[in-house]
Amino acid sequence: MILYPAIDLINGECVRLAQGRFDAVTRYDSDPFKRLALFNEEFAEWVHIVDLDGARAGSPQQHELIGRLAQASRAKIQTGGGVRSRAHVQTLLDQGVSAVVVGSAAVKDPREVRGWLRDFGKERITLALDVLPTRDGDFDAALHGWTEGSGISLWKVLDEYPVGVAQRILVTDVSRDGMLMGPNMDLMRALRQKRPDLDIQASGGVRSVEDLYDLKALGVHGAIVGKAIYEGLIDLKAALNVG
């Protein structure tokens, strides 16, 4: 299993949100290059970077900074936030990013995104489905930086990407994100059962190395870890050894 230590950016600073809420921000580092250097020193294979300003605005806001981070990193960079067009994907790839995260567009315009997967390569695009649990036990795909539901079930979104079309998928239970509640194992289990063809990245709630071992046992391909690292609950070196 691949660990993706996370850098979430607002105004060029490393932050974490609670449940995707922009009014619940914790700031950690004023210099993301120092945080990236720490991840590189521990030999992380990948680093996950999110342009939160872009996610909220619906268009890229920090691509120049992310490009410089990509150039400075030994680790591969997976990044997104406000990616809404083919040009946004192309710009990030040209700047040296290894995988571009596509969220709202994957839900709202699957036909267009299927074209990106075909043209750029499914190994270079990660479909990010941020979900909100519903009362009937389903999951509603969230849009626009997690601020609103789409009214479209996670499973219906995945039906737009049949076997062979996509490879990488990142699923975040927004209700757990930044809350250190543990990952939604039932959701991850259901994803593995329904779509074993996809390389699933789990996001939201990871709080311990034991959580990572549990995800690995399910066959989850990767895990995004943010707050637990920043708060010192997970030692990055120990977490990287889980893979």
Side-chain angles (χ1 to χ4, degrees), residues 1-9 14-17 20 26 28-29 32-52 66 69-70 72-81 92 96-101 103 123-131 166-174 176-185 187-189 191-192 195-196 198-243:
M1 186 176 73
I2 298 173
L3 182 77
Y4 294 75
I7 295 175
D8 290 358
L9 298 170
C14 299
V15 306
R16 299 301 297 170
L17 304 183
T26 302
Y28 289 99
D29 299 307
F33 288 92
K34 290 183 179 179
R35 178 62 61 170
L36 179 64
L38 291 174
F39 292 162
N40 277 282
E41 287 171 9
E42 296 295 346
F43 298 101
E45 181 182 354
W46 285 84
V47 174
H48 178 73
I49 301 178
V50 182
D51 176 1
L52 288 175
I66 291 171
L69 288 165
S73 179
R74 179 198 59 79
K76 299 175 185 176
I77 300 297
Q78 171 176 271
T79 188
L92 286 168
V97 166
S98 294
V100 177
V101 177
E123 75 283 356
R124 307 208 69 187
I125 291 182
T126 302
L127 303 180
L129 301 179
D130 305 312
V131 300
Q167 175 181 326
R168 302 166 59 87
I169 182 170
L170 190 169
V171 178
T172 303
D173 181 340
V174 177
R176 293 171 179 258
D177 195 42
M179 302 304 290
L180 300 175
M181 299 167 58
N184 189 328
M185 300 301 290
L187 172 59
M188 293 302 133
R189 188 175 294 107
L191 282 164
R192 285 286 297 143
R195 294 300 303 267
L198 296 172
D199 292 341
I200 299 166
Q201 298 173 31
S203 176
V206 173
R207 63 191 168 187
S208 67
V209 171
E210 288 72 24
D211 287 338
L212 298 175
Y213 278 110
D214 289 343
L215 289 169
K216 182 180 179 180
L218 282 181
V220 172
H221 187 262
I224 311 296
V225 183
K227 189 171 184 177
I229 292 175
Y230 288 81
E231 294 287 342
L233 299 177
I234 288 181
D235 176 75
L236 180 57
K237 183 177 293 186
L240 289 168
N241 287 334
V242 173

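Side chain of T172 to backbone of V174: no donor-acceptor contact under 3.5 angstrom is found. With T79 contributing its side chain and I49 its backbone, the two residues share a donor-acceptor pair below 3.5 Å. With R189 contributing its side chain and N184 its backbone, the two residues share no donor-acceptor pair below 3.5 Å. Put simply, the side chain of R168 never gets that close to the backbone of R124: no donor and acceptor are under 3.5 Å apart. A donor-acceptor contact shorter than 3.5 Å is absent between the side chain of D29 and the backbone of P32. At least one donor-acceptor pair under 3.5 Å links the side chain of R207 to the backbone N or O of M181. Between the side chain of N40 and the main chain of A75, a donor-acceptor pair closer than 3.5 Å is present.
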* Between D211 and V225, does a side chain to side chain contact (heavy atoms under 4.5 Å, CB included) hold up when you go through it step by step? -> CA-CA 11 Å; D211 287 338; V225 183; over 6 Å; no
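To the nearest 0.5 Å, the span separating CG on L191 from CD1 on I200 amounts to 4.5 Å. A distance of 9.5 Å separates OG of S98 from CD of E45, quoted to the nearest 0.5 Å. Between the CD1 atom of I224 and the CD1 atom of I229 there is a distance of 10.0 Å, given to the nearest 0.5 Å. Atom CG of L3 sits about 11.5 Å away from atom NE2 of H48, to the nearest 0.5 Å. Between the CG atom of L215 and the CE atom of M188 there is a distance of 7.5 Å, given to the nearest 0.5 Å.
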Let me have the donor-acceptor pairs involving side chains of residues 234-243, under 3.5 Å, with sequence neighbours excluded, atom names and distances please.
residue : atom : partner : partner atom : Å
D235    : OD2  : K237    : N            : 3.3
D235    : OD2  : A238    : N            : 2.9
N241    : ND2  : K237    : O            : 3.3

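At a threshold of 4.5 Å between non-hydrogen side-chain atoms, the residues L170 and Q78 count as touching. Between T126 and I169 there is no side-chain heavy-atom pair separated by less than 4.5 Å. Two residues are said to be in side-chain contact when any heavy atoms from C-beta on lie closer than 4.5 Å; V15 and T26 fail this criterion. Using a 4.5 Å cut-off on side-chain heavy atoms (C-beta onward), I7 and V50 make no contact. Residues L198 and L127 have side chains not in contact (no heavy-atom distance under 4.5 Å, counting atoms from C-beta outward).
Residue pairs meeting the side chain to side chain donor-acceptor pair (under 3.5 Å) criterion with at least one member in residues 221-233, sequence neighbours excluded, are Y28-E231.
Under the side chain to side chain contact (heavy atoms under 4.5 Å, CB included) criterion, E123 pairs with Q167, sequence neighbours left out.
If you run side-chain contact (heavy atoms from CB on, under 4.5 Å) between L92 and each of V100, I77, D51, only V100 comes through.
Ring geometry for Y4 against W46 counts as tilted: the plane angle lies between 30° and 60°, on a 0 to 90° scale.
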